[in-house]
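Whatever order the structure lists ligands and atoms in, that order sets their numbers, starting from 1. These numbers come from a predicted model, not from an experiment. All heavy atoms count here, side chains included; hydrogens, waters and symmetry mates do not.
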Amino acid sequence: MSKYSDKYLGRRSIQFLFVIIVVLMGIQFFDFVQSVSESNLTLSTRPAGVEAFLPISALVALKAWLTTGVFDRIHPAGLVIFLAAMSVSFLWKRAFCSWICPLGTLSEGLALLGQKIFKRNFVPPRWLDYGLRSLKYLILGFFIFFIVVIMDGGSAYAFLQTPYNMVADVKMLEFFINMTWIGFTVVTGLILLSVLIENFWCRYLCPYGALLGLFGIISPWKIRRESHTCISCARCSSACPNHINVDKMQKVWSPECTGCLNCVKECPVSNTLKFGLLNPSFSLTPKKLALCVIGLWFGIIGIAKLTGHWETSISPEMYRMLIPMMDQFSHF
Ligand code: SF4
Ligand code: SF4
């Protein structure tokens, strides 16, 4: 059975929903930037959710919040989304990566394309795979060192107020719209590698996934295998997009586990593979997990909106002033 068969339609539907949301937000944000730049009297609404693409700013905002007690007013939605992703992953492994993240969905789609073209995805030898997997922890370590260790609370707060951080979302849009040759080469290279090697970006390079994986290690919900009913068919391991040898484990601790539940869906013996707590009666089927992930995600965002922790405090006038000058802003 292919890892990409119709069995996984439920998860696919949720991934598709989030891709649609992100695409609509992108179009709306483009409209907003256009209307600000052209000094239109009728301003388009800025979708606060675009701040999901500013994880470094969110990490700085978390540091500032924990040390000064001030919740970021510049990109509050970015911090809320960061907290929501950490909460989902703390409970259900890296479920954010396999159910919500549009880059995870894109990676899966590109791997599917690779399977269609080459009839398989290529797997690097084990020594190379280990070496490459450490890259995302090195990138994460770099950011943790500078933001958590070196930067003090006052500097973190000050960074959030810089013009560079204020227009970081517009700079991100600019990167994709007016891509340089270097940017184009890097993005094209990553796409090609993702066609050849399953989850190339997520498995080897994404520091966000690395951080969520560390949270996932202590997640109370884990894949658990009943060895006395297991028939050792290894279908669970073949279905795992992260190459985890589920059939050899009692419990999956790996930070690579994204809680996709492909393995649970593939297991032919009922009640042998579960995504559960220590007490087996609290296990989650893929449908229940989908409801939990969606419920927690939109619950946190709903609370943030109701309590005024979602919309930026940057006024349209401020955007009008900053956007024409944004090429002069650097993060130093
Ligand atoms: S172990 Fe199971 S839930 Fe975890 S990534 Fe592999 S297939 Fe998905
Ligand atoms: S798919 Fe189920 S029965 Fe087969 S090896 Fe995995 S846990 Fe055991």
Short N-O contact, E198 and R203, less than 4.0 angstrom: no

Enumerated ligand 1 atoms positioned under 4.0 Å from heavy atoms of C257: 1 (S), 3 (S), 4 (Fe), 5 (S)

Protein residue, atom and distance nearest to atom 6 (Fe) of ligand 1, heavy-atom basis: C240 SG, 2.3 Å

Of L296, L284, V293, L289, the residue whose pairing with L91 passes side chain to side chain contact (heavy atoms under 4.5 Å, CB included): L296

Cluster overlap F146 with I144, hydrophobic side-chain contacts below 4.5 Å: yes

Of the protein N/O/S atoms, how many lie under 2.8 Å from atom 6 (Fe) of ligand 2: 1

Closest to atom 5 (S) of ligand 1 among N242, N245, I223 (heavy-atom distance): N242

Within 45° cone and under 6.0 Å: K93 NZ/CZ vs W221 ring: no

Residues F82, F53; criterion ring-ring contact (aromatic ring centres under 6.0 Å, His included); working and verdict: CA-CA 10 Å; F82 191 67; F53 291 92; over 10 Å; no

For atom 3 (S) of ligand 1, closest protein heavy-atom neighbour: L261 N, 3.3 Å

R11 and E108 ion-paired at < 4.0 Å: yes

Test item: K136 side-chain N/O and A210 main-chain N/O as donor-acceptor pair under 3.5 Å: no

Nearest neighbour in protein (non-hydrogen) for atom 8 (Fe) of ligand 1: C260 SG, 2.3 Å

Ring center gap for F275 and W92 short of 6.0 angstrom: no

